[in-house]
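Down below is the structure, laid out as structure tokens.
Order of the sequence lines sets the chain letters (A, B, ...), proteins ahead of strands, with each chain counted from 1. Just so you know, these numbers come straight off a predicted model, no measurement behind them.
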There are 2 protein chains.
Amino acid sequence: MANHKQNVYNEKDEQLAKYAKALAHPARIAILRQLALMDTCCFGDINCELPLSQSTVSQHLLELKNAGIIQGCLEPPKVKYCINKENWEDLKIIMKEFFNTEINKK
Amino acid sequence: MANHKQNVYNEKDEQLAKYAKALAHPARIAILRQLALMDTCCFGDINCELPLSQSTVSQHLLELKNAGIIQGCLEPPKVKYCINKENWEDLKIIMKEFFNTEINKK
DNA sequence: ATTGTAATTCGCAAAATTACGAATAATATT
DNA sequence: AATATTATTCGTAATTTTGCGAATTACAAT
């Protein structure tokens, strides 16, 4: 029982959880790996690599975009996707910090 | 259009996504931070820190347990929770590897 | 045996996620 | 203007997640 903290979560936890959520699907991980490796990558290239329909791939890309991890530049007639480097660094740092917290002895 | 890879995702992507999913809620992040910091931590201690009901906290703990990130030892009348160090290391390594992939130039 | 404390499980509801096909938009090319 | 290519959006369905209160389990102490 006892008194629950009535307020919300701390902001860092919220941000980390939000990033983690964006990574919480194998298709999205695969997309990020592909973007990290390839010089240039349009929707079609990504779509080809995934066992999903166009529309579903588009949704996964949108989620990554909403989380700030990727961005899409229009390059008619294609859309060129790439990692948002600034936020990728942010994510990297937040993760690193989280996993570097010392775990108590025993 | 184009040939989709008909098979499933690669195993590493699946595992990383699974771990990320476990981290994809601020309450679960908060739980992990608390466990990392405190020497000893029973259900009640965790429950007190979160703005959630007992049953919901129990569910979040179960998810972390199912992902292998934490474990609970019975210590009547309490249940002592702690991080599963072996799997924590595994998670850490998988994350590190993922975030260390070099991003293509420009 | 009864009572109290600690935590989990059950049953349920609301919301979010995942996925698809069809329709649409946006732009290049003919 | 008509057609083809590329990607997004819409509508919908199935599943999963999140959350709660009530009931239950498990064990200690009285």
Side-chain angles (χ1 to χ4, degrees), chain A residues 1-9 13-14 17-31 34-35 40-67 69-82, chain B residues 1-9 13-14 17-31 34-35 40-67 69-82:
Chain A
M1 294 272 122
N3 20 352
H4 293 291
K5 240 189 209 164
Q6 74 264 44
N7 275 17
V8 190
Y9 305 97
D13 291 356
E14 298 263 19
K18 192 183 142 198
Y19 278 138
K21 201 170 190 173
L23 303 180
H25 193 291
R28 295 196 292 269
I29 298 292
I31 289 170
Q34 192 179 359
L35 286 179
T40 178
C41 210
C42 70
F43 175 83
D45 298 330
I46 295 164
N47 190 41
C48 279
E49 291 297 317
L50 297 172
L52 296 169
S53 74
Q54 259 180 73
S55 53
T56 303
V57 170
S58 206
Q59 267 181 117
H60 283 303
L61 287 166
L62 183 61
E63 276 186 72
L64 288 170
K65 209 156 52 177
N66 286 340
I69 305 178
I70 68 168
Q71 57 198 143
C73 331
L74 219 72
E75 239 176 55
K78 301 195 177 185
V79 177
K80 186 181 147 196
Y81 279 100
C82 63
Chain B
M1 353 206 56
N3 18 353
H4 293 290
K5 237 189 210 163
Q6 75 264 42
N7 274 18
V8 189
Y9 306 98
D13 291 355
E14 298 264 19
K18 192 183 142 198
Y19 277 137
K21 201 169 191 173
L23 302 180
H25 193 291
R28 295 195 290 270
I29 297 293
I31 289 170
Q34 192 179 0
L35 287 179
T40 177
C41 210
C42 70
F43 175 84
D45 298 331
I46 295 165
N47 190 41
C48 279
E49 293 297 317
L50 297 172
L52 297 169
S53 73
Q54 259 180 71
S55 53
T56 303
V57 170
S58 207
Q59 268 182 117
H60 283 302
L61 287 166
L62 183 61
E63 276 186 72
L64 287 170
K65 210 157 51 176
N66 285 341
I69 305 179
I70 66 169
Q71 57 198 145
C73 333
L74 220 72
E75 239 175 55
K78 301 195 176 183
V79 177
K80 186 181 147 195
Y81 279 100
C82 62

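C:dT9 atom C1' lies 12 Å from atom NZ of B:K65, rounded to whole Å. The nearest whole Å value for the distance from the CZ atom in B:R28 to the C1' atom in D:dT16 is 12 Å. Regarding B:Q59, its CD atom lies at a distance of 13 Å from the C1' atom of C:dA7, rounded to whole Å. Atom CG of A:L74 and atom P of C:dA26 are 10 Å apart (whole Å). Taking atom CG of B:L61 as the reference point, atom C1' of C:dA7 lies 10 Å away to the nearest angstrom. Remark: P of C:dT8 and CD of B:E75 are 13 Å apart, rounded to the nearest angstrom.
Of the two residues contacting DNA chain C, namely B:P77 and A:H25, the nearest-nucleotide position lying further toward the 5' end is that of B:P77.
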Distances under 3.5 Å between protein N/O atoms and the N/O atoms of nucleotides 21-23 of chain D, please, pair by pair.
residue	atom	partner	partner atom	Å
D:dG21	N7	B:S55	OG	3.3
D:dG21	O6	B:S55	OG	2.9

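In this structure, B:K21 does not reach the C:dT17 phosphate: none of its side-chain N or O atoms is under 4.0 Å from OP1 or OP2. B:Y81 has no side-chain polar atom (N or O) that falls below the 4.0 Å cut-off from OP1 or OP2 of C:dA6. Contact between the side-chain N/O atoms of B:H60 and the OP1/OP2 oxygens of D:dG19 is found at a separation under 4.0 Å.
The residue A:E63 sits close only to the backbone: its heavy atoms come under 4.0 Å of sugar-phosphate atoms, none of a base.
Under the 30°/60° scheme for interplanar angles, the aromatic rings of A:H25 and A:H60 are found to be tilted.
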